[in-house]
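Below is one structure, written out as structure tokens, with a few remarks after it.
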2 protein chains.
Amino acid sequence: MLEKSHKHITCLTCASRNNSLLGSLCTDEIDHVNAHKSCNYFKKHQSLFLEGSFPRGVFCINQGMVKIFQRGDEGKEQIIHIAKSGEMVGFRAMFSEEPYKVAAETLEESNICFIGKDDFLNMMDSNPVLRNGIIKELSKELSDRADFITNMAQKSVRERLAFTMILLMDVYDPEPINLSREDLANFVGTATETLIRLLKDFKEEGIIEVHTRKITVLNKEKLFSLAGK
Amino acid sequence: MLEKSHKHITCLTCASRNNSLLGSLCTDEIDHVNAHKSCNYFKKHQSLFLEGSFPRGVFCINQGMVKIFQRGDEGKEQIIHIAKSGEMVGFRAMFSEEPYKVAAETLEESNICFIGKDDFLNMMDSNPVLRNGIIKELSKELSDRADFITNMAQKSVRERLAFTMILLMDVYDPEPINLSREDLANFVGTATETLIRLLKDFKEEGIIEVHTRKITVLNKEKLFSLAGK
DNA sequence: TTTGAAATATGATGAAGGTCATTTTTTCAA
DNA sequence: TTGAAAAAATGACCTTCATCATATTTCAAA
């Protein structure tokens with residue numbers, strides 16, 4: 001159980017910061033962020049931002065899990081990304097100066113800090129390491145999304161599920177994957193019923209082990225060969 | 001017919017530059033680019049770079065059309081983007097310092113200039129307008145790709161074709177769309193046969209007009225309503 | 001601990017679209 | 001201009017997966 005008060009989390013000792021985009025900041029800069037950011041406790045299924053709203057800053061996940069998704073025409077969600085501790089969300093649309101085309105919502109209770117747009121942009125102007133880190137990150141994500149598109153277009157649901165599970169294993173490591181069947185289906189891009197049937201297959205084939213929601217991968221090798229990578 | 005010699009194209013008078021990312025450069029900077037770039041004539045179906053190779057700079061399309069694509073497991077191409085005059089290609093992987101995950105190939109004969117990696121990165125360091133333009137561009141593309149993924153996951157081939165045609169109308173404007181059936185299918189993410197059948201339907205419904213390869217949209221409204229946007 | 005609601009699971013069915021085989025048309029080089 | 005190769009088109013068939021209906025399990029609040 002996380003601390004539910006709005007206690008300030010100090011960036012300087014934030015365990016998630018080192019492997020994050022803000023890992024490059026010097027002590028002065030960290031102090032500045034620390035003084036200007038706000039910290040919030042989010043319940044499970046709480047929204048960080050909605051499609052159509054305008055970005056006012058960036059969210060920095062200290063502890064927790066956030067899904068980034070789009071709602072299609074019939075309201076069905078397509079999950080684009082799942083962000084975990086140390087990741088920053090919400091800055092992409094901030095740069096493009098357009099309203100969000102995706103929404104963000106916690107998957108579990110989380111501690112998430114918020115850095116205002118101006119503060120963040122100023123930091124980027126004055127800190128080339130941060131700036132280049134962001135550019136690199138954006139580029140990497142572009143290439144991940146190209147893979148995502150190609151998978152969607154050319155692979156069967158079964159193959160996509162294998163691919164998605166490999167991805168989720170890393171996200172949840174060392175814990176078992178813990179997502180609702182619906183979210184999982186919305187990540188793979190299929191109907192919930194189809195996903196459930198495939199999970200059953202995987203279970204029967206000894207690839208995974210399931211305890212209610214929690215999915216443990218038993219045979220990573222097989223998953224890789226199924227995903228075709 | 002384009003000029004086939006490797007004649008130097010001067011950036012200063014390049015008609016494609018104004019609405020490109022390099023539109024922000026001052027005269028000095030343009031002179032510098034102009035002095036350090038190389039210009040090349042590309043035949044139809046000529047490769048700019050391959051999946052797996054390392055980026056050595058950026059390509060700037062003076063005149064022509066380039067497809068950006070990935071090859072799936074069975075060799076089937078998935079087209080991710082079609083770039084036209086004024087666009088720059090090949091810089092995404094340059095920032096992420098990873099090998100290309102996509103390949104680029106001309107769709108028609110083209111004049112394309114090349115700016116080396118170091119020259120380009122130096123310009124980015126010293127020119128905030130260029131830099132921000134690039135960041136903005138990367139962010140926009142990320143959001144386009146999120147749409148692309150959601151479309152792939154949730155829409156029928158018919159709906160995706162409508163969506164793709166709207167996109168291609170802008171790319172080819174004011175000319176008719178001029179892509180092989182196979183490329184079109186590989187953009188929509190379907191089998192060539194399925195695509196051909198759907199084109200026939202669209203033709204019969206009066207949405208498009210076809211002269212061999214060339215497709216003219218007659219009823220843009222209908223396309224929009226089909227695409228569900 | 002009970003109870004109702006939400007999540008998960010299973011079955012039956014049909015449509016969308018992929019694959020393979022074959023024909024027709026277009027393109028391009030000799 | 002013609003002939004061969006590539007591209008486009010059509011047909012037949014069959015697999016994958018979405019949808020709808022319903023049953024069962026899990027969870028959380030009273």
Side-chain angles (χ1 to χ4, degrees), chain A residues 1 43-45 67 72-79 107-109 150-164 176-204 208-215 226 228, chain B residues 1 43-45 67 72-79 107-109 150-164 176-204 208-215 226 228:
Chain A
M1 205 53 134
K43 284 184 299 198
K44 199 174 182 171
H45 298 145
K67 70 173 169 182
D73 291 341
E74 279 86 35
K76 186 177 166 69
E77 293 179 4
Q78 177 60 43
I79 297 184
L107 287 168
E108 50 184 55
E109 49 171 13
T150 305
N151 276 345
M152 280 298 186
Q154 303 193 355
K155 301 208 179 205
S156 67
V157 176
R158 189 177 154 88
E159 291 169 315
R160 264 145 52 202
L161 175 57
F163 187 87
T164 303
I177 296 166
N178 186 5
L179 261 185
S180 75
R181 299 292 185 264
E182 192 178 357
D183 279 337
L184 198 44
N186 290 342
F187 202 2
V188 173
T190 188
T192 307
E193 295 93 324
T194 303
L195 177 110
I196 287 170
R197 282 180 244 266
L198 284 172
L199 279 186
K200 194 182 170 191
D201 292 349
F202 279 18
K203 205 162 42 180
E204 284 169 1
I208 59 170
E209 195 178 57
V210 177
H211 290 107
T212 64
R213 286 175 125 230
K214 295 183 180 170
I215 301 172
L226 275 180
Chain B
M1 205 52 133
K43 285 183 298 195
K44 199 174 183 172
H45 300 145
K67 69 173 168 182
D73 291 341
E74 278 87 37
K76 185 177 166 69
E77 293 179 5
Q78 176 59 43
I79 297 183
L107 287 167
E108 50 184 55
E109 49 171 11
T150 305
N151 277 346
M152 279 297 185
Q154 302 194 356
K155 302 211 180 205
S156 66
V157 175
R158 188 177 155 88
E159 289 168 316
R160 265 147 49 203
L161 174 58
F163 187 87
T164 303
I177 296 167
N178 185 6
L179 261 184
S180 74
R181 299 293 185 261
E182 192 178 358
D183 279 337
L184 198 43
N186 290 343
F187 201 3
V188 173
T190 188
T192 308
E193 296 92 325
T194 302
L195 177 110
I196 288 170
R197 283 179 243 266
L198 284 171
L199 279 186
K200 194 184 173 192
D201 291 349
F202 278 18
K203 206 162 41 180
E204 284 169 2
I208 58 171
E209 196 178 57
V210 177
H211 290 108
T212 64
R213 294 176 119 226
K214 294 183 181 171
I215 301 172
L226 274 181

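A note on names: the letters A, B, ... follow the listed sequences, proteins ahead of strands, and every chain is numbered from 1.
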For this session: Report yes if some heavy atom in the side chain of A:Thr194 is under 4.5 Å from a heavy atom in the side chain of A:Val188; otherwise report no.
Result: no

Exercise. So do B:Leu161 and B:Leu199 actually touch side chain to side chain, heavy atoms under 4.5 Å?
Worked result: yes

Problem set entry | Partners passing side chain to side chain contact (heavy atoms under 4.5 Å, CB included) against B:Glu159 (at least two apart in sequence or in another chain) | B:Lys155, B:Ser156

Problem set entry | Qualifying residues under side chain to side chain contact (heavy atoms under 4.5 Å, CB included), relative to A:Asp201, sequence neighbours excluded | A:Arg158, A:Leu198, A:Glu204, A:Glu205

Exercise. Any side-chain N or O of B:Lys200 under 4.0 Å from OP1/OP2 of D:dA9?
Worked result: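 Checking B:Lys200 against D:dA9: no side-chain N or O falls below 4.0 Å of OP1 or OP2.
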
Problem set entry | CD (A:Glu182) with more than 12 external heavy atoms under 6.0 Å |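 Not buried by this count: 12 neighbours or fewer within 6.0 Å.
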
For this session: Could you note down all residue pairs passing salt bridge (charged side-chain N to carboxylate O under 4.0 Å, His left out) where residues 188-200 of chain B supplies at least one of them, sequence neighbours left out?
Result: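 Qualifying pairs, neighbours excluded: none.
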
Exercise. How would nucleotides 12-22 of chain D be written as a contact map, 5' to 3', with B for base contact, S for sugar-phosphate-only contact and - for no contact, using protein heavy atoms under 4.0 Å?
Worked result: B----SBBB--

Exercise. Could you run down nucleotides 24-30 of chain D 5' to 3' and tag each one B, S or - for protein heavy-atom contact under 4.0 Å?
Worked result: ---S---

For this session: Compute whether any side-chain donor of one residue and acceptor of the other, for B:Asn151 and B:Arg160, lie under 3.5 angstrom apart.
Result: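 No, because no side-chain N or O of B:Asn151 sits under 3.5 Å from a partner of the opposite role on B:Arg160.
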
What is the separation between atom [atom1] on [X] and atom [atom2] on [N], rounded to the nearest whole Å?
{"X": "A:Leu184", "N": "C:dA7", "atom1": "CG", "atom2": "C1'", "result": "14 Å"}
{"X": "B:Glu182", "N": "C:dT25", "atom1": "CD", "atom2": "C1'", "result": "17 Å"}
{"X": "B:Met152", "N": "C:dA16", "atom1": "CE", "atom2": "P", "result": "19 Å"}
{"X": "B:Ile196", "N": "C:dA21", "atom1": "CD1", "atom2": "P", "result": "17 Å"}

Problem set entry | Verdict with supporting geometry, A:Ile215 and A:Arg181, side chain to side chain contact (heavy atoms under 4.5 Å, CB included) | CA-CA 11 Å; A:Ile215 301 172; A:Arg181 299 292 185 264; 4.2 Å; yes

Exercise. Given A:Asp183, which of A:Lys67, A:Arg213, A:Lys76 fulfils the salt bridge (charged side-chain N to carboxylate O under 4.0 Å, His left out) condition?
Worked result: A:Lys67

For this session: For B:Met152 and B:Gly189, work out which heavy atoms get closest and say how close.
Result: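 B:Met152 and B:Gly189 have their closest heavy atoms at CE-CA, 4.0 Å.
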
Exercise. Over its full length, what angle do the end axes of the helix from C:dT1-D:dA30 to C:dA30-D:dT1 make, each axis taken from five pairs and the result rounded to 10 degrees?
Worked result: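 The end axes of the helix from C:dT1-D:dA30 to C:dA30-D:dT1 are about 50° apart, to the nearest 10°.
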
